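Have a look at the structure below, then the notes.
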There are 2 protein chains.
Amino acid sequence: MFSKACEYGIKATIYIAVKSMHQERVSLKEIAEEVNSPVAFTAKILQSLAKSGIIDSHKGPTGGFQIEESNIDAIKLYDIVNAIDGEKIFVGCGLGLEQCDASQPCPVHDKFVGIRDNLKIMLQNTSLYELATGLDIGLTHLKR
Amino acid sequence: MFSKACEYGIKATIYIAVKSMHQERVSLKEIAEEVNSPVAFTAKILQSLAKSGIIDSHKGPTGGFQIEESNIDAIKLYDIVNAIDGEKIFVGCGLGLEQCDASQPCPVHDKFVGIRDNLKIMLQNTSLYELATGLDIGLTHLKR
DNA sequence: TTTATTTAGGATAAATTTGTCCGAAATAAG
DNA sequence: CTTATTTCGGACAAATTTATCCTAAATAAA
Ligand code: FES
Ligand code: FES
């Protein structure tokens, strides 16, 4: 469904959000530990999320990653997935035709579009805030 | 969403079904052309589908692939996806946790399970027969 | 029986994704 | 200013997926 990079990116962003809601910046190392992801690979992903403007990064001692608290509710799961995996999952043909086009549909078009749109809507309606809150109160988990 | 192998496999199977409904066997070469897929790679996929019992293969002149006509309605899209990509897409965690478990859920669990289950149900309810019929009457297309 | 045709299957290669390493740049603190 | 810490960014490596090549095996027909 999502790439590994995207899975790590989502988990990392949620963890950063939790810390940010407690006015704490968090280091790459801590993130990778909490999210159970390879450190250097996670660094790349966070770098790209920072460039996308979803998270903020600061170098040097006391540096690390954070998310402006006022943004946490506005950031949707959709934004993270779109930033890392791109929009292909939201607009691409289920059978890999170069273009998904209702006027020239593939055999699964009608049935696939519904699922694809539901996924998109779900991601657009899911805020980083609610995901972070669930984690913060111990309702959900980032590793097992 | 699906792997390339799965996309090719679905398209190939639908094409074979159409031909089988007209009592025709079809060669690898023809399939790859109609499906716009690499010949040798398609061969591997068809080989595995044959081993899974979804399609039948015959060697030699006049050989090729076919599907027993009485099975075309019983075969579901789910069977093809499951044979090629496995069940991970139907039971796996959206964030890649080793196990999707409602008693130890990841942050997206509740929202993800709905999408995942809808996909599964859709695939289970979609027969090869209806996909092949749509293609046969020119309503849908395997390439553009 | 010989030949032509077609799938089976193993080895290999290319492309992509995932993951590592290391020096550079920024920056906080002594 | 110096040092320690942390992210940045490029090069590189490993793993996986996608794709190719070639020979073997089966088999239909001359
Ligand atoms: S054309 Fe294939 S999903 Fe729309
Ligand atoms: S635990 Fe992640 S989807 Fe169920």
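Protein chains get the first letters and strands the later ones, always in sequence-line order, with residue 1 at the start of each. Bear in mind that the values here come from a model prediction, so they are computed numbers and not experimental data.
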* To do: Check salt bridge (Lys or Arg N to Asp or Glu O under 4.0 Å) between B:Asp101 and all other residues, then give those that pass, not counting sequence neighbours.
  => A:Arg144
* **Reading 5' to 3' through nucleotides 19-26 of chain D, protein heavy-atom contacts under 4.0 Å coded B for base, S for sugar-phosphate only, - for none** => BB----BB
* Structure fact -> note: B:Arg25, atom CZ; D:dA28, atom C1'; distance rounded to Å ~ 11 Å
* Asked: In whole angstroms, how far is the C1' atom of D:dC8 from the CD1 atom of A:Ile45?
  -> 15 Å
* How long is the line joining CD1 of A:Ile55 and C1' of D:dT6, in whole Å? -> 14 Å
* Quick one: does A:Lys76's side chain have a donor or acceptor within less than 3.5 Å of a partner on A:Asp73's backbone? -> yes
* B:Lys88 NZ to D:dT17 C1', straight-line distance once rounded to whole Å -> 13 Å
* Structure fact -> When B:Asp79, B:Ile10, B:Thr13 are each screened for side chain to side chain contact (heavy atoms under 4.5 Å, CB included) with B:Leu49, the one that passes is B:Thr13
* Of all residues at least two apart in sequence or in a different chain, which pass the side-chain hydrogen bond (donor to acceptor under 3.5 Å, both in side chains) check with A:Gln23? -> A:Glu69
* Asked: What are the bounds, 5' to 3', of the part of DNA chain C that sits under 4.0 Å from heavy atoms of chain A?
  -> C:dT18 to C:dA28
* Who are the side-chain hydrogen bond (donor to acceptor under 3.5 Å, both in side chains) partners of A:Tyr8, not counting sequence neighbours? -> none
* Listed by chain and number, what are the side chain to side chain contact (heavy atoms under 4.5 Å, CB included) partners of A:Val91, not counting sequence neighbours? -> A:Glu87
* Roughly how many Å is it from CG in B:Asp56 to C1' in D:dT27, rounded to a whole number? -> 16 Å
* How would you list all residue pairs meeting salt bridge (Lys or Arg N to Asp or Glu O under 4.0 Å) that involve residues 36-59 of chain B, not counting sequence neighbours? -> none
* Within the pair A:Gln47 and D:dT7, is there a side-chain N or O less than 4.0 Å away from OP1 or OP2? -> no
* Residue list, side chain to side chain contact (heavy atoms under 4.5 Å, CB included) with A:Thr42, at least two apart or on another chain -> A:Leu28, A:Ile31, A:Ala32, A:Ser37, A:Leu46
* Sequence neighbours excluded, which residues qualify as salt bridge (Lys or Arg N to Asp or Glu O under 4.0 Å) partners of B:Arg25? -> none
* Just jot down the side-chain hydrogen bond (donor to acceptor under 3.5 Å, both in side chains) partners of A:Lys111, sequence neighbours excluded, or say none. => B:Thr126, B:Glu130
* Mind running a 4.0 Å heavy-atom check of residues 77-85 of chain B against DNA chain D and sending the residues that fall below it, in number order? => none
* **side-chain hydrogen bond (donor to acceptor under 3.5 Å, both in side chains) against B:Lys143, all qualifying residues, sequence neighbours excluded** => none
